[in-house]
Amino acid sequence: MTNTTSPFPEGFLWGGATAANQIEGAYNQDGKGLSVQDVLPHGLRSPRTPAPTPDNLKLEAIDFYHHYAEDIALFAEMGFKVFRFSIAWSRIFPNGDDKEPNEAGLAFYDRVLDELEKHGIEALVTLSHYETPLHLADAYGGWTDRRLINLYERYARTLLERYGSRVKYWLTFNEINSLVHEPFMSAGIPETEQLTEQDLYQAMHHELVASARATRIAREVAPNAKIGCMIIAMPIYPLSPSPQDAAAVMDLDHSNLAFGDVHTRGAYPGYFLRAMKEKGIELNITDEDRKDLTNTVDFVSFSYYQSVAHTSDPAKLIRGEGNIMGGVPNPTLETSEWGWQIDPIGLRLVINQFWDRWQKPLFIVENGFGAKDQLVDVNGVKTVIDDYRIAYLNDHLVQVGEGIADGADVIGYTSWGCIDLVSATTAQLSKRYGYIYVDRNDDGTGSLERFKKKSFDWYAEVIRTNGATLQG
Ligand code: BGP
């Protein structure tokens with residue numbers, strides 16, 4: 001049945017999301033330094049390489065660096081109200097600790113913003129999306145080193161001063177709760193045998209302080225900017241109805257929610273302090289840190305791809321294939337080709353949980369279906385008949401509508417990989433999310449030509465009708 005009235009409020013920010021390392025390419029052009037992604041040719045499937053290697057698709061990615069105008073025009077054709085992209089830290093500060101920013105890098109994002117403004121598309125900028133400058137990983141040990149707070153502050157100030165009047169929505173760290181699961185990709189932390197949980201949680205603290213400082217700086221230099229945190233949302237179901245399983249779920253959920261709690265409440269919650277104590281971890285938290293943390297965010301953003309199950313029974317604690325959070329597979333759900341469990345209703349659950357808990361506007365900044373696409377010829381036009389993607393997105397958006405009807409203040413939705421890009425976990429191009437197909441293959445061949453998929457017109461219609469055409 002088609003909705004006749006849409007639950008989506010007027011002015012809802014429809015759009016798409018990307019990250020610099022997954023689209024830009026031009027990895028060493030115009031003064032850009034290396035980032036951790038330039039030495040992760042196979043994502044999380046194999047260790048870093050000492051230097052960039054030709055099998056790393058991210059070095060060229062989809063060459064957004066030279067195709068941005070064409071791509072943004074296609075987003076505008078779909079009616080995007082907002083476009084999420086990240087700024088590559090190493091394009092601005094090539095080593096991360098340089099005294100002065102790289103003007104050529106800054107100028108590139110000026111051009112991107114010019115193009116967005118031309119089409120009336122709002123920018124949603126992530127400051128740090130899995131792209132820590134490689135020098136900060138190699139010479140500092142990434143975010144385990146407290147000095148990164150000041151280096152990030154300099155970077156954030158540079159961006160907020162330069163673009164603060166043009167960019168309204170900012171995210172400080174992509175999926176900040178991934179740090180404890182994927183330290184190198186998420187936070188430039190070398191994964192050596194010496195790495196301890198103490199180091200990881202100290203790094204988490206450094207990022208939380210840095211995030212709060214960015215908010216503080218925004219208040220000073222960009223008063224119209226809205227700052228959000230960004231976390232992986234993952235509903236967790238008890239594998240059985242036993243109270244033990246329910247308690248295990250609560251503990252695991254807490255380990256995620258802590259990141260949102262600090263960002264929205266300005267201090268560590270009791271359950272987190274208890275967990276640190278029980279792990280024997282003593283965090284180095286200064287009085288200045290505590291003060292910084294009180295700079296809380298304007299909104300909460302999150303990615304949502306899947307839910308997981310959890311159990312207190314060690315024998316049943318099997319790690320699923322899913323995304324970087326792992327989790328026990330839920331026997332009631334189907335999975336994508338990459339083992340990610342598909343659960344639209346889970347999205348309504350997290351919208352309600354986050355809204356009830358934090359009472360801050362919510363922005364869904366990632367959601368989507370990674371699948372293999374077949375380019376076909378329809379009446380002489382090349383396209384992809386991606387009904388599976390349309391079904392996934394439709395069903396999730398219907399649940400966003402349900403969450404809004406439940407009373408949650410959801411301000412926008414940017415589907416992940418609105419144009420095909422290089423996958424973060426597997427570094428493949430064949431794991432496609434886009435409304436726009438990009439002719440590039442896993443072996444690096446391809447013309448980079450862009451083609452509209454069936455979902456392109458479908459999403460344009462959803463946006464045009466503000467969600468009224470979704471099939472509930
Ligand atoms: C999130 C990341 C994105 C993105 C997405 C899909 O965790 O923030 O960068 O890539 O997941 O994951 P993948 O690319 O591995 O399919």
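- At least one side-chain heavy atom of N330 sits under 4.5 Å from a side-chain heavy atom of Y237.
- Under a 3.5 Å cut-off, the side chain of H206 and the backbone N or O of W143 do form a donor-acceptor pair.
- Here the side chains of D110 and Y163 are in contact, with some heavy-atom distance below 4.5 Å.
- To the nearest 0.5 angstrom, K168 atom NZ is 11.5 Å from L124 atom CG.
- Within the 4.5 Å cutoff, the side chain of L74 has no heavy atoms near those of the I419 side chain.
- Remark: H396 pairs with Y304, Y392 by the ring-ring contact (aromatic ring centres under 6.0 Å, His included) rule, at least two apart or across chains.
- Under the 3.5 Å distance criterion, the side-chain polar atoms of D145 are matched with a main-chain donor or acceptor of R147.
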From CA spacing to verdict: salt bridge (charged side-chain N to carboxylate O under 4.0 Å, His left out), R440, D420: CA-CA 9 Å; R440 193 164 187 230; D420 289 348; over 6 Å; no
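- At a threshold of 4.0 Å, the pair K431-D442 does not count as salt-bridged, since none of the basic side-chain nitrogens sits closer than that to a carboxylate oxygen.
- In this structure, CE in M234 is found 8.5 Å from CD in E175, a value given to the nearest 0.5 Å.
- Checking H135 against N95 by side-chain atom types alone, no donor-acceptor pair falls below 3.5 Å.
- In this pair, W358 and F354 present their aromatic rings tilted. The plane angle is within the 30 to 60° band.
- Of all heavy-atom pairs between A225 and V167, the closest is CB-O, 4.3 Å.
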Salt bridge (charged side-chain N to carboxylate O under 4.0 Å, His left out) between R464 and D457, worked out: CA-CA 10 Å; R464 195 185 62 75; D457 291 331; over 6 Å; no
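- The closest side-chain heavy-atom distance from L448 to V438 is below 4.5 Å.
- For N441 (side chain) and G444 (main-chain N/O), no donor-acceptor pair under 3.5 Å exists by modelled atom type.
- Across every non-hydrogen atom of Y27 and P52, the tightest pair is CE1-CG, 3.9 Å.
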Worked verdict on F173 versus Y152 for ring-ring contact (aromatic ring centres under 6.0 Å, His included): CA-CA 11 Å; F173 287 93; Y152 179 91; 4.6 Å; yes
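- In terms of the ring-ring contact (aromatic ring centres under 6.0 Å, His included) criterion, W355 has no residue partners (sequence neighbours excluded).
- A salt bridge does not link D98 with R154: none of the charged nitrogens is closer than 4.0 Å to a carboxylate oxygen.
- Y435 and S415 share a side-chain donor-acceptor pair at under 3.5 Å.
- Between F83 and C418, the shortest heavy-atom distance links the atoms CE1-SG, 4.1 Å.
- Once rounded to the nearest 0.5 Å, the distance linking CD1 of I385 with OG of S455 reads 10.0 Å.
- Separating the CD1 atom in I364 from the CG atom in L397 is a distance of 7.5 Å, to the nearest 0.5 Å.
- The closest donor-acceptor contact from the side chain of Q22 to the backbone of V422 lies under 3.5 Å.
- A donor and an acceptor atom, one from each side chain of E131 and N21, are located under 3.5 Å apart.
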Indicate every side-chain donor-acceptor pair of residues 34-45 with a distance under 3.5 Å to a residue at least two apart or in another chain.
residue, atom, partner, partner atom, Å
S35, OG, Q37, N, 3.1
Q37, OE1, K58, NZ, 2.7
Q37, NE2, Y130, O, 2.9
D38, OD2, K32, NZ, 3.0
D38, OD2, S35, N, 2.8
H42, NE2, D55, OD2, 2.9
R45, NH2, T426, O, 2.9

Steps toward side-chain contact (heavy atoms from CB on, under 4.5 Å) verdict (L429, I62): CA-CA 9 Å; L429 249 154; I62 59 160; 4.2 Å; yes
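- Under the 4.5 Å side-chain criterion, counting only non-hydrogen atoms from C-beta, F184 is not in contact with T132.
- Looking at heavy atoms from C-beta onward, L127 lies out of side-chain contact with M230 at the 4.5 angstrom threshold.
- A salt bridge does not link D373 to K454: none of the charged side-chain nitrogens sits closer than 4.0 Å to a carboxylate oxygen.
- A 4.5 Å side-chain heavy-atom check between F363 and L171 finds every atom pair outside the cut-off.
- The existence of a salt bridge linking R166 and E117 is confirmed by a sub-4.0 Å separation between a basic side-chain nitrogen and an acidic carboxylate oxygen.
- Scanning for ring-ring contact (aromatic ring centres under 6.0 Å, His included) contacts around Y68 gives F108, with sequence neighbours left out.
- Nearest heavy atom pair, residue N177 against residue I232, reads OD1-N, 2.9 Å.
- Taking the side chain to side chain contact (heavy atoms under 4.5 Å, CB included) definition, one finds that A107 meets it with E103, R111, sequence neighbours left out.
- The salt bridge (Lys or Arg N to Asp or Glu O under 4.0 Å) contacts involving residues 72-96 comprise E24-R91, E77-K452, R84-E366, where partners must be two or more places apart or lie in separate chains.
- Ring planes of W14 and F8: tilted class, angle from 30 to 60°.
- Residues N256 and I231 fail the side-chain proximity criterion, which asks for heavy atoms closer than 4.5 Å.
- Figure legend: cation-pi geometry between R432 and Y437, with NZ or CZ positioned under 6.0 Å from the six-membered ring centre and within 45° of its axis.
- In plain terms, the two heavy atoms of S186 and S178 that are nearest each other are OG-OG, 2.8 Å.
- Among all heavy-atom pairs drawn from L116 and A123, the shortest one is CD1-CB, 4.0 Å.
- Taking the ring centroids of Y305 and W416, they lie at or beyond the 6.0 Å cut-off.
- When the shell of 6.0 Å around CD1 of I345 is examined, it contains 12 or fewer heavy atoms from other residues, nucleotides or ligands.
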